[in-house]
**Student:** 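Okay, here's the structure, questions in a sec.
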Amino acid sequence: MASPAAIPQRQLFIDGEWRAPALGRRIPVVNPSTEAHIGEVPAGTAEDIDAAVKAARAALKRNRGRDWARAPGAVRAKYLRAIAAKITERKPELAKLEALDCGKPYDEATWDMDDVAGCFEFFAGLAEALDKKQNTPVSLPENFKCHLRREPIGVVGLITPWNYPLLMATWKVAPALAAGCTAVLKPSELASVTCLELADVCKEVGLPSGVLNIVTGLGPDAGAPLAAHPDVDKVSFTGSSATGQKIMTAAATMVKPVSLELGGKSPIVVFDDVDIDKAVEWTLFGCFWTNGQICSATSRLLIHKKIAKEFIERMVAWAKNIKVSDPLEEGCRLGPVVSEGQYEKIKKFVANAKNEGATILTGGVRPKHLEKGYYIEPTIITDVSTSMEIWREEVFGPVLCVKDFSTEDEAIELANDTHYGLAGAVLSADRERCQRVAEEIDAGAIWVNCSQPCFCQAPWGGNKRSGFGRELGDGGLDIYLNVKQITEYTSDEPWGWYKPPSKI
């Protein structure tokens with residue numbers, strides 16, 4: 001078992017300094033494995049958000065933007081690479097903190113820290129490449145010439161979830177800073193610890209004051225004022241659809257751009273020509289990774305009738321073999337869900353499914369060997385109809401529901417029978433069929449013969465009610481940039497549209 005880590009006692013990070021919250025409030029940190037209070041984080045409010053936005057605005061405009069916003073991308077890249085190096089250096093400590101704070105298995109958390117460092121490195125490269133894209137010429141008719149400038153959108157508000165606390169923050173912070181924006185980050189109150197450690201890293205590498213400000217706090221007290229702040233130029237949010245709607249409403253009054261990555265109820269379609277054990281493992285990984293708390297979880301299994309019985313039997317056997325334990329215990333593959341509220345919500349979903357006539361094949365209860373903590377066994381539910389809540393609504397927990405199909409057309413219809421469109425997966429030995437199905441599923445990301453791998457080089461985002469805008473990839477930088485055209489009239493001749501007045 002990895003050794004326990006202490007929760008550092010931090011304040012808000014505003015204008016490059018630690019500051020106590022204006023109202024002096026703090027939020028307890030509860031270890032979801034033990035239900036014990038293990039520390040606390042500051043509870044920022046509108047007053048703190050206002051101070052953070054002012055600091056970000058000042059940093060954006062400092063020296064007429066030359067210190068950050070208009071500095072060469074190579075300058076910003078040096079800071080991003082320094083942050084990446086410190087994350088790598090502190091990987092074991094940060095991984096332990098995430099395991100304690102949100103229940104993520106330690107092995108997963110260390111993987112996340114590698115991704116955090118890789119993401120900062122990737123966007124450092126894009127920041128450097130941005131310099132070469134400046135003043136791109138545009139071909140125009142005679143007597144005119146034009147070039148394009150890519151400029152930071154301004155001060156951005158970044159609101160992030162608790163399932164990947166530091167990684168999801170990095171998906172927003174790294175490109176925003178690479179673009180030359182300044183930012184206010186509001187992490188989820190359920191898992192803020194490693195985001196405050198990011199502030200400590202920024203201090204250590206000498207990131208200019210005000211470029212990144214981090215305000216922890218409750219959603220209504222800190223997130224809502226950030227989304228509605230008149231001096232925030234853009235909001236990027238990852239979280240629930242309900243909160244995303246509120247953020248859109250707040251931004252609409254100021255015609256403020258938003259990027260939203262919201263919920264999902266993603267399908268995984270398994271055909272009858274698969275290697276059953278390989279497909280079973282990917283199916284379970286696609287739903288139970290990160291304790292089932294993934295917006296892109298492929299939590300609706302569509303299995304071909306020819307192999308359904310054998311597949312489900314093997315899947316139940318594999319699910320019962322998953323090690324459910326304290327996330328710091330060696331070999332843990334499923335830890336607790338993040339909070340008591342989430343635990344009760346998941347149990348209610350399972351109970352409702354049973355009451356509606358579904359069959360709980362395995363799981364749905366607390367493991368017998370774990371008396372404390374918000375643990376739920378990996379859960380597989382069959383006899384599901386498409387009208388049931390468990391089939392239609394996002395559970396955000398280790399719950400997989402199963403339905404069979406007979407034809408490719410039926411599988412595609414069932415896969416698209418959702419108001420979400422974040423992701424999907426298709427498993428088959430027939431690559432042409434995989435390509436057809438991948439093109440037919442209405443979602444922002446499709447996995448073929450796998451589920452959940454995500455890379456910072458490829459764009460990420462959803463369709464339909466799963467949001468809009470794309471993070472990661474080259475486009476992950478573009479959403480924090482405005483494009484300005486500069487057009488020059490090059491002729492020495494007068495324009496000649498108006499008749500000149502008579503000379504006296």
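Just so you know, these numbers use all the heavy atoms, side chains as well, and skip hydrogens, waters and symmetry mates. Nothing fancy with the numbering, it's 1 onward along the sequence.
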**Student:** Indicate yes or no: at least one non-hydrogen side-chain atom of Pro378 is less than 4.5 angstrom from one of Leu334.
**Tutor:**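 They are in contact (side-chain heavy atoms under 4.5 Å apart), so the answer is yes.
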
**Student:** Apply side-chain contact (heavy atoms from CB on, under 4.5 Å) to the pair Leu177 and Arg76, showing each step before the final yes or no.
**Tutor:** CA-CA 7 Å; Leu177 269 53; Arg76 299 190 294 272; 5.9 Å; no

**Student:** Please say whether the positively charged group of Lys104, taken as NZ for Lys or CZ for Arg, lies over the ring of Tyr164, i.e. under 6.0 angstrom from the six-membered ring centre and within 45 degrees of the axis.
**Tutor:** yes

**Student:** Could you pull out the closest heavy-atom pair between Tyr480 and Pro175, with the gap in Å?
**Tutor:** CE1-CG, 3.8 Å

**Student:** Start with the C-alpha distance between Lys246 and Phe237, add both sets of side-chain angles, then the distance that settles side-chain contact (heavy atoms from CB on, under 4.5 Å), and finish with yes or no.
**Tutor:** CA-CA 11 Å; Lys246 293 177 183 177; Phe237 170 77; over 6 Å; no

**Student:** Rounded to the nearest 0.5 Å, what separation is found between the CG atom of Asp15 and the CG atom of Leu12?
**Tutor:** 13.0 Å

**Student:** Are any side-chain N or O atoms of Glu204 and backbone N or O atoms of Lys86, one a donor and one an acceptor, separated by less than 3.5 Å?
**Tutor:** no

**Student:** Distance-only, no hydrogens or angles: does the Lys345 side chain make a donor-acceptor pair with backbone N or O of Gly397 under 3.5 Å?
**Tutor:**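 Checking the backbone N and O of Gly397 against the side chain of Lys345, no donor-acceptor pair under 3.5 Å is found.
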
**Student:** Crowded around Glu40 CD? As in, over 12 foreign heavy atoms under 6.0 Å?
**Tutor:** yes

**Student:** Any side-chain to backbone donor/acceptor pair from Asn163 onto Gln293? Under 3.5 Å, distance only.
**Tutor:** yes

**Student:** Evaluate the side-chain proximity of Lys464 to His419: yes if any heavy-atom separation is below 4.5 Å, no if none is.
**Tutor:** no

**Student:** Work out which heavy atom in Cys456 is nearest to a heavy atom in Gly118; give both atom names and the distance.
**Tutor:**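 Residues Cys456 and Gly118, closest heavy atoms: SG-O, 4.1 Å.
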
**Student:** Which atom names give the shortest non-hydrogen contact between Ala77 and Glu128, and what distance separates them?
**Tutor:**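 Minimum heavy-atom contact is CB-CG, 3.6 Å.
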
**Student:** Between Asp101 and Val193, is there a donor-acceptor pair closer than 3.5 Å when you use the side chain of the first and the backbone of the second?
**Tutor:**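 Looks like yes, one N/O pair under 3.5 Å.
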
**Student:** Could you measure the distance from the SG atom of Cys454 to the CG atom of Asp115? Nearest 0.5 Å is fine.
**Tutor:**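 It is 8.0 Å, given to the nearest 0.5 Å.
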
**Student:** Answer yes or no: is there a donor N or O on one side and an acceptor on the other, between the side chain of Thr253 and the main chain of Thr249, under 3.5 Å?
**Tutor:** no

**Student:** Could you go through the salt bridge (Lys or Arg N to Asp or Glu O under 4.0 Å) check for Asp233 and Arg57 one step at a time?
**Tutor:** CA-CA 10 Å; Asp233 299 302; Arg57 179 63 61 184; 2.8 Å; yes

**Student:** Is any NZ, NE, NH1 or NH2 atom of the basic residue among Lys96 and Glu93 found under 4.0 Å from an Asp or Glu carboxylate oxygen of the other?
**Tutor:** no

**Student:** What I want to find out is whether Glu394 reaches Arg465 closely enough, with some N-O distance under 4.0 Å, to be called a salt bridge.
**Tutor:**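 Looking at Arg465 together with Glu394, the answer is no, because their closest N to O distance does not fall below 4.0 Å.
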
**Student:** With no hydrogens and no angle check, do the side chains of Trp460 and Glu261 hold a donor and an acceptor under 3.5 Å apart?
**Tutor:** yes

**Student:** Looking at Lys145, I'd like to know if its NZ atom is crowded, meaning that more than 12 non-hydrogen atoms belonging to other residues, nucleotides or ligands lie closer than 6.0 Å.
**Tutor:**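 No, because the 6.0 Å sphere around NZ of Lys145 holds 12 heavy atoms or fewer from other groups.
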
**Student:** Carefully, step by step, assess Phe288 and Thr283 under the rule side-chain contact (heavy atoms from CB on, under 4.5 Å).
**Tutor:** CA-CA 9 Å; Phe288 298 153; Thr283 299; over 6 Å; no

**Student:** Can you say whether the rings of Trp111 and Phe285 are parallel (under 30°), tilted (30 to 60°) or perpendicular (over 60°)?
**Tutor:**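 Because their plane-to-plane angle lies in the 30° to 60° range, the rings of Trp111 and Phe285 count as tilted.
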
**Student:** Is Asn291 reaching over with its side chain to a backbone N or O of Pro336, donor-acceptor style, under 3.5 angstrom?
**Tutor:**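 The answer is yes, because a donor-acceptor pair under 3.5 Å joins these two groups.
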
**Student:** If we ignore hydrogens and angles and just use 3.5 Å, is the side chain of Asp326 paired with the main-chain N or O of Leu328 as donor and acceptor?
**Tutor:** yes

**Student:** Just list the side-chain donor-acceptor pairs under 3.5 Å for residues 147-159, sequence neighbours left out, or say none.
**Tutor:**
| unit_1 | atom_1 | unit_2 | atom_2 | d |
| --- | --- | --- | --- | --- |
| Arg149 | NH1 | Asn135 | OD1 | 3.4 |
| Arg150 | NH1 | Lys133 | O | 3.2 |
| Arg150 | NH1 | Thr136 | OG1 | 3.4 |
| Glu151 | OE1 | Lys484 | NZ | 3.4 |
| Glu151 | OE2 | Lys484 | NZ | 3.1 |

**Student:** Salt bridge check: are Lys54 and Asp231 linked by an N-O gap of less than 4.0 Å?
**Tutor:**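 The answer is no: the pair does not qualify as a salt bridge.
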
**Student:** Given side chains that start at C-beta, do those of Leu427 and Ile268 come closer than 4.5 Å, heavy atoms only?
**Tutor:**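 A side-chain contact under 4.5 Å exists here.
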
**Student:** Could you tell me whether the side chain of Ile214 reaches within less than 4.5 Å of the side chain of Pro187, counting heavy atoms only?
**Tutor:** yes

**Student:** Working to the nearest 0.5 angstrom, can you tell me the gap between Cys119 SG and Ile83 CD1?
**Tutor:**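 Going from SG on Cys119 over to CD1 on Ile83, the span is 11.5 Å.
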
**Student:** Do Val173 and Leu212 touch side chain to side chain, with heavy atoms closer than 4.5 Å?
**Tutor:**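 Heavy-atom side-chain distance check passes, below 4.5 Å.
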
**Student:** Would a distance-only check, ignoring hydrogens and angles, find a side-chain to backbone donor-acceptor pair under 3.5 Å from Asp275 to Lys278?
**Tutor:** yes

**Student:** Check the orientation of Phe396 and Trp162. Use parallel for under 30°, tilted for 30 to 60°, and perpendicular for over 60°.
**Tutor:** perpendicular

**Student:** With rounding to the nearest 0.5 angstrom, report the OG to CG distance, Ser428 to Asn449.
**Tutor:**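 If I round to the nearest 0.5 Å, the distance is 7.0 Å.
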
**Student:** Taking Asp107 for the side chain and Arg333 for the main chain, is one N or O donor matched with an acceptor at less than 3.5 Å?
**Tutor:**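 The answer is no, because no donor-acceptor pair under 3.5 Å joins these two groups.
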
**Student:** So Pro327 and Ser33, do their side chains get closer than 4.5 Å, heavy atoms only?
**Tutor:** yes

**Student:** Does any non-hydrogen side-chain atom of Asp474 lie less than 4.5 Å from one of Phe122?
**Tutor:** yes

**Student:** With distance as the sole criterion, is a donor-acceptor pair present between the side chains of Thr418 and Lys265 under 3.5 Å?
**Tutor:**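 No pair is found: no donor N or O on one side chain lies under 3.5 Å from an acceptor on the other.
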
**Student:** Please give me the minimum heavy-atom distance between Leu226 and Val184, naming the atom from each residue.
**Tutor:** CD2-O, 3.7 Å

**Student:** Please determine if Glu17 and Lys203 form a salt bridge, counting it only when a charged side-chain N lies under 4.0 Å from a carboxylate O.
**Tutor:** yes

**Student:** Would you say the side-chain atoms of Asp442 and Asn463 include a donor-acceptor pair closer than 3.5 Å?
**Tutor:**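 There is such a pair (donor and acceptor under 3.5 Å, judged by atom type) between the side chains of Asp442 and Asn463.
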
**Student:** Do you know which two heavy atoms are closest between Pro398 and Ile376, and how far apart they sit?
**Tutor:**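 Smallest interatomic distance, heavy atoms only, reads CG-O, 3.8 Å.
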
**Student:** Any sub-3.5 Å donor-acceptor pair from Ser466's side-chain atoms to Leu422's backbone N or O?
**Tutor:** yes

**Student:** Just by distance, with hydrogens left out, do Ser259 and Glu471 show a side-chain donor and acceptor under 3.5 Å apart?
**Tutor:**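 The criterion, which ignores hydrogens and geometry beyond distance, is not satisfied for Glu471 and Ser259.
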
**Student:** Find the distance between CG (Leu60) and OG1 (Thr182) and round it off to the nearest 0.5 Å.
**Tutor:** 4.5 Å

**Student:** Report the C-alpha separation of Trp447 and Ser296 in whole Å, then their side-chain angles, then the decisive distance to 0.1 Å, and conclude whether the side-chain contact (heavy atoms from CB on, under 4.5 Å) test is met.
**Tutor:** CA-CA 11 Å; Trp447 293 288; Ser296 60; 3.9 Å; yes

**Student:** Looking at OG of Ser209 and CD1 of Ile14, how far apart are the two atoms once the value is rounded to the nearest 0.5 Å?
**Tutor:** 12.5 Å

**Student:** Between Leu218 and Ile27, is any pair of side-chain heavy atoms under 4.5 Å apart?
**Tutor:**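 In short, these two side chains touch, coming nearer than 4.5 Å.
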
**Student:** Show the nearest heavy-atom pair for residues Ala222 and Gly44, with the distance to one decimal.
**Tutor:**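 Looks like CB-O, 3.7 Å.
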
